[in-house]
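In what follows, a single structure is set out as structure tokens and then discussed.
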Amino acid sequence: MPEQARPSTGEQAKRLALGQLRQAILRGEMAPAQRLVENELAEQFGVTRASIRAALIDLEAQGLVERIRNRGSRVRVVTVEEAVAITECRLVLEGLCAAKAAAAVDDAQLAELKELGTAMRKAVAGGDPLTYSELNHELHTRIREFSGQRTAVELLERLNAQLVRHRFQLALRPGRPQQSLKEHLAMIEAIEARDPRAAEEAVRAHLTSVIEALRD
């Protein structure tokens with residue numbers, strides 16, 4: 001948005017601040033426990049403190065920000081225990097989405113999943129864990145979208161947003177991308193076979209493996 005057209009107050013300004021803050025947290029540009037100073041953020045985004053405050057309240061509701069009494073707001077720290085609990089919820093919801101996707105997927109969507117699988121193989125073979133992590137996230141996103149299960153998709157978007165740090169940490173763990181790749185390819189194969197039960201089982205097996213890795 002051009003600088004002169006950027007709103008500084010009102011609902012539009014709050015949405016602008018909310019979107020940019022959320023993306024900064026999800027990209028890891030703002031680290032867990034980092035303080036979020038309203039004056040600094042207002043100046044950075046060209047909006048009022050009131051707009052920043054309203055955005056922080058929304059981010060707190062999304063589980064991305066926490067308010068510490070008498071100390072202001074900070075990026076929320078998600079513990080390993082919380083990450084495991086969130087992944088247990090993902091296991092159920094993403095299994096449902098995979099089953100729905102296997103039943104509903106069309107040829108063009110299948111081609112997209114297979115292309116992602118090929119790109120994931122190349123990332124692992126090339127020793128590029130960060131690219132692999134992004135492709136991993138994209139694959140899960142596409143399967144959710146293809147499921148048509150909007151309620152599960154909305155719930156998962158909130159849950160997954162809280163796991164960004166743990167997702168990158170797992171991707172950097174030696175040997176983890178190779179193990180994860182096998183699990184993701186099994187998911188793609190089950191959906192390609194249009195087998196809802198196998199697709200759900202493949203996702204559950206993958207996320208069970210993620211839980212075990214988180215606990216290691």
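For the atom pair His184 NE2 and Gln179 CD, the distance stands at 11.0 Å (nearest 0.5 Å). For the atom pair Ser73 OG and Glu38 CD, the distance stands at 6.5 Å (nearest 0.5 Å). Once rounded to the nearest 0.5 Å, the distance linking CG of Leu130 with CG of Asn136 reads 12.0 Å. Separating the CG atom in Leu135 from the CZ atom in Arg142 is a distance of 11.5 Å, to the nearest 0.5 Å. Atom CG of Leu93 and atom CG of Leu155 lie 6.0 Å apart (nearest 0.5 Å). Atom CD1 of Ile86 sits about 8.0 Å away from atom OG1 of Thr79, to the nearest 0.5 Å.
Of the possible donor and acceptor atoms, one in the side chain of Arg167 sits under 3.5 Å from a partner among the backbone N and O of Ser133. Side chain of Arg67 to main chain of Ile57: no donor-acceptor pair is present (N/O by atom type, distance under 3.5 Å, no hydrogens or angles). Here the side chain of Gln109 pairs a donor or acceptor atom with the backbone of Asp106 at under 3.5 angstrom. With hydrogens and angles disregarded, a donor-acceptor distance shorter than 3.5 Å links the side chain of Ser147 to the backbone of Arg144. Arg22 places no side-chain N or O within 3.5 Å of a backbone atom of Gln62 that could act as its donor or acceptor partner. Within the 3.5 Å criterion, the main-chain N or O of Val78 finds a donor-acceptor partner in the side chain of His166. Between the side chain of Gln34 and the backbone N or O of Leu36, no donor-acceptor pair lies under 3.5 Å. A side-chain donor-acceptor contact under 3.5 Å links Thr208 to the backbone of Arg204.
Side chains of Leu113 and Phe146 form a contact here, defined as non-hydrogen atoms less than 4.5 Å apart. Contact annotation: the side chain of Leu185 never approaches that of Met120 to less than 4.5 Å [non-hydrogen atoms, C-beta and beyond]. No side-chain heavy atom of Glu112 sits under 4.5 Å from any side-chain heavy atom of Glu145. Counting only heavy atoms from C-beta outward, the side chains of Arg173 and Asp216 approach each other to under 4.5 Å. The shortest side-chain heavy-atom distance between Leu21 and Leu64 does not fall under the 4.5 Å cut-off. Within the 4.5 Å cutoff, no side-chain heavy atoms of Glu115 are placed close to those of Thr118. Between Gln20 and Val47 the shortest side-chain heavy-atom distance does not fall below 4.5 Å. In this structure the side chain of Glu94 never reaches within 4.5 angstrom of the side chain of Ile143, judged on heavy atoms.
Closest of all the heavy-atom pairs between Asn39 and Arg49 is OD1-CD, 2.6 Å. Here the closest heavy-atom approach between residue Ala98 and residue Val203 is recorded as CB-CG2, 3.4 Å. Contact between Phe45 and Ile52 at its shortest, heavy atoms only, is CD1-CD1, 3.9 Å. A pairwise comparison of heavy atoms in Ala99 and Ala199 identifies N-CB, 4.4 Å as the closest pair. In this structure, Pro129 and Pro177 approach most closely via the heavy-atom pair CB-CG, 4.5 Å. Contact detail for Gln162 and Gly63: the closest heavy-atom pair is CG-O, 3.7 Å.
Between Arg176 and Glu183 there is a salt bridge, since at least one side-chain N of the basic residue sits less than 4.0 Å from a carboxylate O of the acidic one. Remark: Arg76 engages Glu82 in a salt bridge, criterion side-chain N to carboxylate O under 4.0 Å. Contact check on Glu11 versus Lys14 returns a salt bridge, with a Lys/Arg side-chain nitrogen under 4.0 Å from an Asp/Glu carboxylate oxygen. With salt bridges taken as basic N to acidic carboxylate O contacts below 4.0 Å, one links Arg215 and Glu88. A salt bridge is absent between Arg158 and Glu154: the closest approach of a Lys/Arg side-chain nitrogen to an acidic carboxylate oxygen does not fall below 4.0 angstrom.
At most 12 non-hydrogen atoms from other residues, nucleotides or ligands lie less than 6.0 angstrom from CD of Glu43. Atom CZ of Arg35 has 12 or fewer heavy atoms from other residues, nucleotides or ligands within 6.0 Å.
Following chains of ILVMFWY side-chain contacts shorter than 4.5 Å, one cannot reach Leu170 starting from Leu156, and the two form parts of different hydrophobic clusters. Under a hydrophobic clustering in which Ile, Leu, Val, Met, Phe, Trp and Tyr are joined whenever their side-chain heavy atoms come within less than 4.5 Å, directly or via other members, Leu59 and Met30 fall into the same cluster. Taking hydrophobic clusters as Ile, Leu, Val, Met, Phe, Trp and Tyr residues chained together by side-chain heavy-atom distances below 4.5 Å, Val84 does not share a cluster with Leu163. Linking ILVMFWY side-chain heavy atoms closer than 4.5 Å, directly or via other members, places Leu26 and Tyr132 in two distinct hydrophobic clusters. Tracing side-chain contacts under 4.5 Å through hydrophobic residues (I, L, V, M, F, W, Y), one never reaches Ile211 starting from Leu96; they form parts of separate clusters.
For Thr87 and Arg90, the side-chain atoms include no donor-acceptor pair closer than 3.5 Å.
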For side-chain contact (heavy atoms from CB on, under 4.5 Å), just list the numbers for Leu139 and Ile188, CA-CA rounded to whole Å, side-chain angles, deciding distance to a tenth of an Å, and then say yes or no.
-> CA-CA 9 Å; Leu139 177 64; Ile188 294 170; 4.0 Å; yes
Could you walk me through whether Asn160 and Thr141 pass side-chain contact (heavy atoms from CB on, under 4.5 Å), step by step?
-> CA-CA 10 Å; Asn160 284 313; Thr141 299; over 6 Å; no
Starting from the C-alpha separation in whole Å, work towards a yes-or-no answer on side-chain contact (heavy atoms from CB on, under 4.5 Å) for Val153 and Arg150.
-> CA-CA 5 Å; Val153 169; Arg150 289 305 312 165; 3.6 Å; yes
